[in-house]
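Atom set for the values below is all heavy atoms of this structure, side chains included, hydrogens, waters and symmetry mates excluded. Labels below follow one simple rule: chain letters A, B, ... track the order of the sequence lines, proteins then strands, and each chain is numbered from 1.
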Amino acid sequence: MHPAFSVILFTTLAGAAQGLVVAIAVAGLAGAVLPPTFVLTSLGVAFVVLMLGLVASTFHLGRPERAWRAVLMWRTSWLSREVIVLPAFIAVVALWLLLAWTGAAQGLVPLLMIAALVLSALLWVCTAMIYACLKFIQEWAHPLTLVNYVLLGLASGLLLAAALGSLTGAGAFALAAAQWGLGFTVLGAITRIASLVRNAGIRHASTLQSATGIRGNNLRQTSMGMSAGAFNTREFFHGKPLWLVKRIKHAFLVLAFVVPVLLLALALSTGASAWLLLAFVVQYVGLIAERWFFFAQARHPQNLYYQVVS
Amino acid sequence: MSASPRVAANNAPARKKQLALVIDLNVCVGCHACVTSCKEWNTSGSAGPLVDQNAYGANPTGTFFNRVQTFEVGTFPNTQTVHFPKSCLHCEDPPCVPVCPTGASYKRPEDGIVLVDYDKCIGCKYCAWACPYGAREIDEDRKVMTKCTLCVDRIYDKNLAPEDRKPACVKACPTNARLFGDIHDPSSEAAVAIRERGGYALMPEWETQPANHYLPRKITEIIAQVERES
């Protein structure tokens with residue numbers, strides 16, 4: 001598939017914001033006393049990041065002015081469900097931010113925390129299922145797709161929470177978030193590598209034979225029926241050389257997992273907040289590469305029909 | 001036994017209509033007349049315009065509902081060139097329809113044609129991702145998804161002579177390689193061809209039940225059989 005930057009930005013930004021909100025909500029529900037500046041800053045950052053993700057996602061649409069229509073088919077479409085859950089999640093974060101800012105109606109905050117947890121989980125399910133439900137894109141059609149979206153989002157959000165916590169005087173929370181972030185980064189590395197191993201061994205069910213039904217040996221395409229390409233050759237091929245795809249895979253493994261783990265170890269031993277911020281930024285860059293690879297690696301069966309220009 | 005199949009069929013609930021194309025690979029000569037006639041009809045019909053980019057430049061590209069591809073099978077000197085027309089297969093269980101978030105993509109209950117409502121489409125391209133056949137093409141100018149309509153604005157047009165109420169591609173084909181009809185009506189030309197000439201569906205592994213069928217080439221069938229036996 002051709003990796004669309006709008007979708008790469010949306011899924012990575014929303015994932016980080018979801019992880020950040022989950023971190024504060026779980027800490028709050030567990031009874032941790034968090035400094036108001038930290039809560040306000042974190043919710044503000046989460047809100048801004050979610051809005052950026054929302055804006056990025058509209059760039060994927062040909063007709064963004066009709067985007068409201070996408071809430072209609074929630075009975076059958078995971079994309080429609082995502083379009084409903086995302087604004088609901090943003091609304092809960094916004095309300096929580098408002099209450100944190102004004103100090104009003106604090107009794108509602110625990111309810112908002114629970115709502116944020118539930119909606120965040122639902123959003124991960126919707127986002128991942130958009131890809132995992134397409135059974136003939138075999139690289140995506142697996143439970144690991146969901147597992148990776150959740151774990152990588154949590155890792156990214158926890159690193160952001162740790163960085164924000166240490167910058168705004170929530171030292172104890174930052175320490176815990178960094179430790180949990182380290183754990184989820186390691187866990188995410190394991191499950192992401194598991195999906196890489198699984199995808200490397202895929203036997204694609206569709207072949208040129210099944211795509212055309214033409215019997216006989218040595219079947220090959222001699223013309224795709226057009227010379228200058230079409231939507232089919234632009235949307236479903238990444239068009240990058242194999243060496244670059246491999247390099248991006250190595251880059252995301254190093255940037256999303258190896259470097260952040262080293263930086264977190266450094267941060268936990270020295271206590272310097274700069275390392276936490278750097279860990280988050282490096283991992284975020286790594287996750288952009290990871291998401292690019294997630295799309296590029298997916299082999300759509302329609303590509304069987306578009307192999308030869310002549 | 002007195003209960004003949006005919007009686008059973010008469011007692012069964014009315015079959016739903018499923019319009020489709022049946023493409024005869026024996027006679028397709030790869031002339032692309034179906035491609036150009038499709039473009040001509042649909043760019044000026046209710047599905048249009050099907051916009052082109054860089055139409056007179058070095059790399060022209062644009063929206064088409066129908067393509068003719070070419071394959072070669074066998075080993076020299078025993079090779080066969082097979083021309084292979086490809087358009088939306090109007091699946092009986094179309095994976096592109098349930099994923100559409102707006103309901104712009106739908107399958108007509110009355111005749112099984114899969115259509116896009118261009119006024120509801122948001123151009124998210126998810127339906128194209130969900131089609132294993134690559135049958136859908138986004139119109140880069142109108143920013144909505146488009147696809148073969150089986151010339152729905154033509155096949156029911158009472159202003160046309162009855163013999164012209166067929167998709168443009170079927171009318172244009174000089175070798176009669178494209179048959180059109182209701183594949184659920186056992187007596188239709190399309191259903192008879194599928195039944196009697198080994199009509200098959202593309203990518204049966206995904207269980208989309210394409211309505212369009214292809215008639216296999218006799219000569220490649222014979223060669224394949226000889227190869228299997230030798």
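Atoms CD1 and SG, on Ile130(A) and Cys124(B) in that order, are 9.0 Å from each other to the nearest 0.5 Å. Going from atom CZ of Arg234(A) over to atom CD of Glu137(B) covers 8.5 Å, rounded to the nearest 0.5 Å. Atom-to-atom distance recorded for Tyr106(B):OH and Met73(A):CE is 12.0 Å, nearest 0.5 angstrom. To the nearest 0.5 Å, atoms CZ (Phe71(B)) and OG (Ser223(A)) are separated by 9.0 Å. Between Thr212(A) atom OG1 and Leu202(B) atom CG the span is 7.5 Å, to the nearest 0.5 Å. With rounding to the nearest 0.5 angstrom, the CZ atom of Phe84(B) is 9.5 Å from the CD atom of Gln221(A).
For the options Arg66(A), Met1(A), Gln302(A), heavy-atom pairs under 4.5 Å to chain B are most numerous at Arg66(A). Between chain A and the residues Val68(B), Thr61(B), Asp139(B), the most heavy-atom pairs under 4.5 angstrom are made by Thr61(B). Your options are Pro95(B), Cys121(B), Pro204(B), Gly62(B), and the one with the most heavy-atom pairs under 4.5 Å with chain A is Cys121(B). Heavy-atom pairs under 4.5 Å with chain A were tallied for Cys131(B), Ala58(B), Ala135(B); the largest tally goes to Cys131(B). Contact count versus chain B (heavy atoms, under 4.5 Å) is highest, among Ala298(A), Gly216(A), Ser210(A), for Ser210(A). The candidate with the highest count of non-hydrogen atom pairs below 4.5 Å against chain A, out of Arg142(B), Arg217(B), Gln80(B), is Arg142(B). Among Gly123(B), Pro85(B), Ala201(B), Gly30(B), the residue making the largest number of heavy-atom pairs under 4.5 Å with chain A is Gly123(B). For the set Ala130(B), Gly103(B), Gly74(B), the count of heavy-atom pairs under 4.5 angstrom toward chain A peaks at Gly74(B). The residue among Ser80(A), Ser77(A), Ala205(A) with the most heavy atom pairs within less than 4.5 Å of chain B is Ser77(A).
Heavy-atom distances place both the backbone and the side chain of Ile214(A) under 4.5 Å from chain B. For Glu65(A), no part sits under 4.5 Å from any heavy atom of chain B, backbone or side chain. With a 4.5 angstrom heavy-atom cutoff, His83(B) does not touch chain A via any of its atoms. The contact between Val144(B) and chain A is made entirely by side chain atoms (from C-beta outward), counting heavy-atom distances below 4.5 Å. Neither the backbone nor the side chain of Arg228(B) has a heavy atom closer than 4.5 Å to any heavy atom of chain A. Only the backbone of Ala67(A) has a heavy atom closer than 4.5 Å to any heavy atom of chain B. Neither the backbone nor the side chain of Arg75(A) comes within less than 4.5 Å of any heavy atom in chain B. Using a 4.5 Å cut-off between heavy atoms, Ala104(B) makes no contact with chain A at all.
Side-chain atoms of Glu205(B) and Ser206(A) include a donor-acceptor pair closer than 3.5 Å.
Counting heavy atoms from C-beta on, the side chains of Gln69(B) and Thr222(A) never come closer than 4.5 Å. A heavy-atom distance below 4.5 Å is found between the side chains of Met226(A) and Arg67(B). Annotation: side chain of Met203(B) is not in contact with side chain of Phe136(A) (no heavy-atom distance under 4.5 Å). Side chains of Leu72(A) and Pro101(B) form no contact here, defined as non-hydrogen atoms less than 4.5 Å apart. Side chains of His60(A) and Tyr126(B) form no contact here, defined as non-hydrogen atoms less than 4.5 Å apart. Considering only heavy atoms from C-beta on, Glu207(B) comes within 4.5 Å of Lys135(A) through its side chain.
Summarising the geometry of Ala228(A) relative to Pro60(B), their closest heavy-atom pair is CB-O, 3.0 Å, with the distance given to 0.1 Å. What you find for Ile122(B) and Ala70(A) is that their closest heavy atoms are CD1-CB, 4.0 Å. For the residue pair Trp129(B) and His300(A), the shortest heavy atom distance occurs at O-NE2, 2.7 Å. Contact between Phe236(A) and Ala128(B) at its shortest, heavy atoms only, is CZ-O, 3.5 Å. The heavy-atom pair separating Thr79(B) from Arg220(A) by the smallest distance is CG2-NH2, 3.9 Å.
Judged by distance alone, with hydrogens and angles left aside, the side-chain atoms of Thr102(B) form no donor-acceptor pair with the main-chain N or O of Arg69(A) at under 3.5 Å. Side-chain N or O atoms of Asn232(A) include one that pairs as donor or acceptor with a backbone N or O of Gly134(B) at under 3.5 Å.
Residue-environment remark: NZ (Lys39(B)) exceeds the threshold of 12 foreign heavy atoms within 6.0 Å. In Lys120(B), the NZ atom is not crowded: 12 or fewer heavy atoms of neighbouring residues, nucleotides or ligands sit closer than 6.0 Å.
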Decide side chain to side chain contact (heavy atoms under 4.5 Å, CB included) for Trp78(A) and Val99(B); before the verdict, give the C-alpha distance in whole Å, the side-chain angles of both, and the deciding distance to 0.1 Å.
CA-CA 7 Å; Trp78(A) 283 107; Val99(B) 301; over 6 Å; no

